[in-house]
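Letters go in sequence order (proteins before strands), and every chain restarts at 1.
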Amino acid sequence: MNRRSYRGKCIKLNLKNFEIARVLHEIAIYEEMKGEMFKPRAYEKAALYIGSLAEDVGTIYKKGGIKALMQLPGIGRNIAEKLVELIQTDGLAYYEQLKREIPVDLTTLSSIEGMGPKKVKLLYEKLGITNIEELEKAIREKRVRALRGFGESSEQKILKGIEFFKKSHGGRFILGFILNTFEDILQRLKKLDSVKNAKLAGSARRMKESIGDADFLASSDKPQKVMDFFTSMPEVAYIHTKGRTKSTVRLKSGINCDLRIVPEESFGAALQYFTGSKQHNVLLRTIALHKGYKLNEYGLYDKRNRQIAGKTEESIYSKLGLPFITPELREDKGEIEAARYGRLPKLIGYDDLKGDLQIHTNWTDGNYTIIEMTEAASKAGLEYIAITDHSRTLEIAHGLNERKLKQQEKEIKRVNNTTKQNGRITILTGVEVNILKDGSLDLENNVLMEFDIVGAAVHSHFSLSKEEQTKRLVSAMYNPNVDILFHPTCRVIQKRHPLDIDFDKILDVSKETNTILEVDSSPERLDLQDEYIQRAIENKCKIVIDSDAHDKSHFHFLKFGISQARRGWAEKKDVVNTLPLEKFLKSLK
DNA sequence: GCCGTTTTCGGCCCGACTGTTTTCAGTCG
């Protein structure tokens with residue numbers, strides 16, 4: 001952050017959103033240390049919003065100046081000015097001042113379970129602790145227990161928190177890889193005699209791509225029994241807290257799970273409350289206040305404290321004058337206003353897909369034969385699929401050359417004849433053609449034109465300049481044989497940043513050339529991501545949702561692609577592979 | 001520091017659990 005100037009010239013290092021979000025997050029913690037009441041919330045809200053934004057803050061600033069920044073929710077003049085300073089200088093004087101006053105590794109220390117701003121501050125002021133190593137040492141030397149507000153048991157708790165932090169490197173969990181675990185726990189909860197109703201709430205219910213913890217909710221007259229069951233499940237590694245209405249455990253897989261228990265008449269209110277998001281709920285509570293009500297996890301209450309709604313979520317929204325808002329939309333991204341004016345989208349449903357246009361077989365890097373994958377697709381309820389194995393230059397995946405592709409085409413036609421006769425599913429011929437560094441494709445046009453479906457994708461040179469990368473994708477999209485741009489931004493969640501591209505340009509060319517943009521449903525890709533899906537739809541671009549299946553078991557990935565599309569406000573009509581086969585084929589280039 | 005069906009000033013969601021207290025502060029979601 002200090003690489004400010006070089007021979008007096010300003011070097012722009014282009015801070016990424018997550019770095020800017022981190023600065024704002026740390027300012028929030030510093031403000032809380034100072035005892036500020038409301039500033040921390042303002043900074044935290046801004047940090048969360050910017051951290052979740054797909055488009056670079058720098059790009060927004062370049063396009064619309066400080067005014068565009070101030071139009072973002074939760075960003076006023078003051079924070080906007082700080083953003084401009086960060087964008088222009090890669091530094092922020094205000095932040096650096098705070099850092100000088102209390103020079104500690106704030107992000108790390110405060111991410112240790114049980115450590116908040118006040119404790120970090122006290123530990124620095126009394127014991128000079130600035131990082132996790134010094135904290136651990138002080139505890140081992142029994143110096144922490146002497147401080148007011150700490151004791152032997154807090155020392156042990158912090159030590160456990162440090163241990164966990166070191167193991168988990170503070171990561172979030174990819175929903176598609178862990179949702180099964182939760183559904184399994186939920187089934188067991190539901191089977192208990194003492195449980196009337198149980199649901200998974202939280203960000204998992206909102207189908208966020210990654211989650212920090214899981215929130216279970218149950219209604220019961222015998223909460224103690226349910227809590228005993230929950231805290232003694234075989235997968236529990238550690239019990240954080242155990243109370244009558246709330247318990248938190250950590251599973252052996254490392255993820256924290258909460259269980260809340262409420263009376264049956266509060267189940268809907270609690271479900272609404274614990275589903276979040278936090279910002280969505282704050283807005284709902286404000287609406288409740290305006291109407292003279294009070295909303296909490298036990299229900300909606302009038303002035304005389306009588307419950308007027310709470311058994312179902314629908315009753316809460318309805319009494320607030322709103323239609324039901326589906327969990328995937330509850331992110332404070334305009335859904336409440338849309339609900340108020342009857343403009344909520346009619347989201348694509350989880351059963352609406354008829355086709356899947358990206359599937360791999362053991363001809364390249366898939367695990368099963370064409371016929372095995374076809375049968376699995378049929379079982380998943382699909383009416384048509386395209387086999388799209390990799391092309392020749394993707395050597396890591398044993399890409400197919402022209403000769404092999406010809407052979408595969410024959411095999412597909414053979415299988416297709418038998419399955420069609422059974423009246424089941426149609427297999428389209430296809431390929432995932434590799435986009436080379438200069439934007440050309442690794443198969444000739446006379447080869448490509450033989451396929452029913454051509455998906456083009458980037459698999460190398462991920463860090464070209466924005467201009468080069470955009471030009472590269474655009475050039476592939478102008479190819480008359482390319483129907484779909486597969487996993488357009490190439491991101492891998494928590495592993496690889498999205499390509500640096502001019503997404504507006506991609507959208508323009510997608511529309512101009514009728515090139516479909518894919519939502520790849522692989523749980524660690526989900527590419528396009530929700531926000532880009534929303535922008536694609538606003539620009540009237542077409543999208544498809546594909547499984548990118550490499551295994552018979554991968555068709556259930558489609559659920560996560562659909563949820564991502566729902567989070568991007570996609571309707572059935574926006575997604576081309578909800579069409580029956582004939583209409584789908586007609587809609588291609 | 002943000003924001004507007006109460007508003008450009010004066011509000012800002014709210015309850016549960018823990019540990020260290022002897023009535024509550026800090027943390028979490």
Side-chain angles (χ1 to χ4, degrees), chain A residues 24 27-49 69-83 94 109-123 144-158 161 201-203 211-217 223 227 239-248 256-262 266 269-270 272-301 320-321 332 336-337 340-341:
Chain A
L24 295 175
I27 293 177
I29 301 173
Y30 278 126
E31 298 290 355
E32 203 158 329
M33 284 180 185
K34 288 200 247 168
E36 288 283 350
M37 298 295 288
F38 301 106
K39 279 192 197 179
R41 245 185 267 169
Y43 277 105
E44 193 56 46
K45 189 182 171 188
L48 278 174
Y49 181 76
L69 294 177
M70 285 174 67
Q71 270 161 16
L72 301 175
I75 315 270
R77 172 155 301 275
N78 206 303
I79 292 183
E81 280 170 357
K82 290 190 169 63
L83 292 179
Y94 182 63
L109 284 175
S110 64
S111 66
I112 295 168
E113 282 165 342
M115 289 280 288
K118 300 285 168 64
K119 288 188 178 169
V120 172
K121 183 173 186 233
L122 192 74
L123 287 168
V144 170
R145 63 180 65 176
L147 299 178
R148 189 182 171 77
F150 291 84
E152 212 178 320
S153 136
S154 348
E155 279 186 341
Q156 288 315 306
K157 219 163 182 182
I158 296 173
S203 42
I211 61 174
D213 63 4
D215 299 285
F216 293 93
L217 178 68
M227 287 307 184
I239 302 171
H240 287 281
T241 65
K242 185 181 174 189
R244 270 183 59 80
T245 65
K246 181 191 170 187
S247 294
T248 305
N256 283 341
C257 295
D258 276 5
L259 173 62
R260 299 273 191 144
I261 299 179
V262 295
S266 296
Q272 196 290 311
Y273 181 74
F274 293 119
T275 296
S277 68
K278 202 170 172 177
Q279 287 308 320
H280 176 89
N281 287 354
V282 167
L283 278 177
L284 276 197
R285 281 174 187 228
T286 312
I287 293 174
L289 282 176
H290 288 158
K291 290 187 179 289
Y293 301 147
K294 189 181 80 167
L295 178 61
N296 61 28
E297 58 262 58
Y298 297 105
L300 185 64
Y301 296 90
L320 294 177
D332 184 21
I336 289 183
E337 206 190 346
R340 184 179 280 160
Y341 297 109

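Taking atom CD of residue Gln272(A) and atom P of nucleotide dC14(B), one finds them 14 Å apart after rounding to whole Å. Spacing between atom CG of Leu283(A) and atom C1' of dC14(B) amounts to 16 Å, rounded to whole angstrom units. Rounded to whole Å, atom C1' of dT5(B) lies 20 Å from atom CZ of Arg285(A). Summarising the geometry, the separation between NE2 on His290(A) and P on dG11(B) is reported as 13 Å, rounded to the nearest angstrom. Following rounding to the nearest Å, Lys45(A) (NZ) and dC3(B) (P) show an atom-to-atom distance of 6 Å. In this structure, NZ of Lys157(A) is placed 12 Å from C1' of dG26(B), rounded to the nearest angstrom. Atom CG in Leu289(A) sits about 6 Å away from atom P in dC14(B), given to the nearest Å.
In the set dG26(B), dG29(B), dT18(B), dT18(B) carries the atom at the smallest distance from any side-chain atom of Thr241(A). Closest to the side chain of Tyr273(A), out of dC13(B), dA16(B), dC2(B), is dC13(B).
Heavy atoms of Leu284(A) sit nowhere under 4.0 angstrom from any nucleic acid atom. Glu152(A) comes within contact range of the sugar-phosphate backbone alone, with a heavy-atom separation under 4.0 Å but no base atom that close. Heavy atoms of Lys291(A) sit nowhere under 4.0 angstrom from any nucleic acid atom. Within 4.0 Å (heavy atoms only), Lys82(A) reaches sugar-phosphate atoms of the nucleic acid but no base atom. Counting any heavy atom pair closer than 4.0 Å across all strands shown, Pro73(A) reaches sugar-phosphate atoms only and no base atom. Here Phe150(A) lies in heavy-atom contact (under 4.0 Å) with sugar-phosphate atoms only. Using a 4.0 Å heavy-atom criterion, one finds that Asp213(A) contacts the sugar-phosphate atoms exclusively.
The OH atom of Tyr273(A) sits 8.0 Å away from atom NZ of Lys278(A), with the distance rounded to the nearest 0.5 Å.
Look at the P atom in both dC12(B) and dT6(B): the space between them is 13 Å, to the nearest Å. When the P atom is compared between dA16(B) and dT23(B), the two are found 23 Å apart, to the nearest whole Å.
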Please produce a list of atom pairs where a protein N or O lies less than 3.5 Å from an N or O of nucleotides 8-10 of chain B.
none

Measure all distances between protein nitrogen or oxygen atoms and nitrogen or oxygen atoms of nucleotides 23-25 of chain B, and list the pairs falling under 3.5 Å.
none

